[in-house]
Amino acid sequence: MSEQKIALVTGANKGIGYEIAAGLGALGYRVGVGARDESRREAAVEKLRAAGVDAFGVPLDVTDDQSVSAAAELLEQQAGRLDALVNNAGISGEFGPGWLQDPTTLDLGVVRTVVETNVIGVVRVTNALLPLLRRSASPRIVNISSSVGSLTRQADPNVDVGPIMAAYAPTKTFLNAVTVQYSRHFAGTNILINAACPGLVATDFTGRQGPRTPEQGAATAIRLATLPDGGPTGSFFEDAGVIPW
């Protein structure tokens, strides 16, 4: 088996996911670019390869069992193991005026759709790839969360957490809780799992609004995906350090 480390980044065809893939590739990882859209996925792979990254495409819809199983089989064939999994794929759900998701008028279908991608999708992908991660000497899992998932910050009237996002924000709280449960399960093993907040990044996801670049948003995830043995696990990080739950 190759000594080169292998990573998979979901939702890696653009934005923060692409920059995470680029950053890991620059560190010498062979990177699987997970994405649903074939043309965007292959365009991202070509761009990464042009930049010197050893990248390959992984067709992947995190909401589809068969797609995730096929991705696991492809990674088995391509690499035989996985050293880093970055669960980056996520959606916000529909917003009303002012980037608002009003809890009193929320469409339950929107809630179900966002949970399916942002939480259940992470569990689906992680569990499907655990056999490959367990073959790594130092497996790392990073779940891309958001500081809006911090109940401590959301409940503090003195902290500006932006507009009410009654569908999106709770899915990140849910994802944080799931991350803790995985860390408890992996306690005493070499698998480190953490949540990362990229900050408010100017991408398609945010309507190009935000003070941070995708490269800046990718930095914490790259650091957590490459932690040394004995590094932190079961924690929630942003650039400045640990975020309160």
Are [X] and [Y] grouped together when hydrophobic residues (ILVMFWY) are joined by side-chain heavy atoms under 4.5 angstrom apart?
X	Y	result
F237	V122	no
V86	L175	no
I164	V115	no
Y168	I243	no
V9	V142	yes

Assess the side chains of D61 and S67: does a donor N or O sit below 3.5 Å from an acceptor N or O? no
Do N190 and S138 pair up side chain to side chain, a donor and an acceptor below 3.5 Å, judged on atom types alone? no
Side chain [X], main chain [Y], donor-acceptor under 3.5 Å:
X	Y	result
R140	L227	yes
N118	G90	no
R81	I6	no
S145	A196	no
T126	V123	no
D83	P139	no
S183	V180	yes

Shortest non-hydrogen contact from [X] toward [Y]:
X	Y	value
N13	A35	OD1-CB, 3.6 Å
I222	E19	CD1-O, 3.9 Å
S92	V114	O-CG2, 3.8 Å
V62	A89	CG1-CB, 4.1 Å
V148	M165	CG1-CE, 3.7 Å
L82	A7	CD1-C, 3.7 Å

Return the [atom1] to [atom2] distance between [X] and [Y], rounded to the nearest 0.5 Å.
X	Y	atom1	atom2	result
L151	D156	CG	CG	12.5 Å
K5	S136	NZ	OG	6.5 Å
S69	L129	OG	CG	9.5 Å
F186	I193	CZ	CD1	6.0 Å
R135	L133	CZ	CG	10.5 Å
N87	T10	CG	OG1	5.0 Å

How about [X]: does its [atom1] atom have over 12 heavy atoms from other parts shown lying under 6.0 Å from it?
X	atom1	result
R223	CZ	yes
R112	CZ	no
L130	CG	yes

Does the side chain of [Y] come within less than 4.5 Å of [X]'s, by heavy atoms?
X	Y	result
Y18	L48	yes
E94	D107	no
L75	F56	yes
Q181	R184	yes
R41	D37	no

Can you list, pair by pair, the side-chain donor-acceptor contacts under 3.5 Å of residues 21-30, counting residues two or more places apart and other chains?
from	atom 1	to	atom 2	distance (Å)
R30	NH1	Q78	O	2.9
R30	NH2	Q78	OE1	2.6

Check ion pair E116-R124 (N to O, under 4.0 angstrom): yes
Less than 4.0 Å between a side-chain N and a carboxylate O, is that true for E238 and R153? yes
With sequence neighbours excluded, residues passing ring-ring contact (aromatic ring centres under 6.0 Å, His included) with F236: W245
Matching residue for Y182 among N127, N143, N194 - test: side chain to side chain donor-acceptor pair (under 3.5 Å): N127
Apply side chain to side chain contact (heavy atoms under 4.5 Å, CB included) to V68 and L60, showing your working. CA-CA 6 Å; V68 172; L60 181 57; 3.8 Å; yes
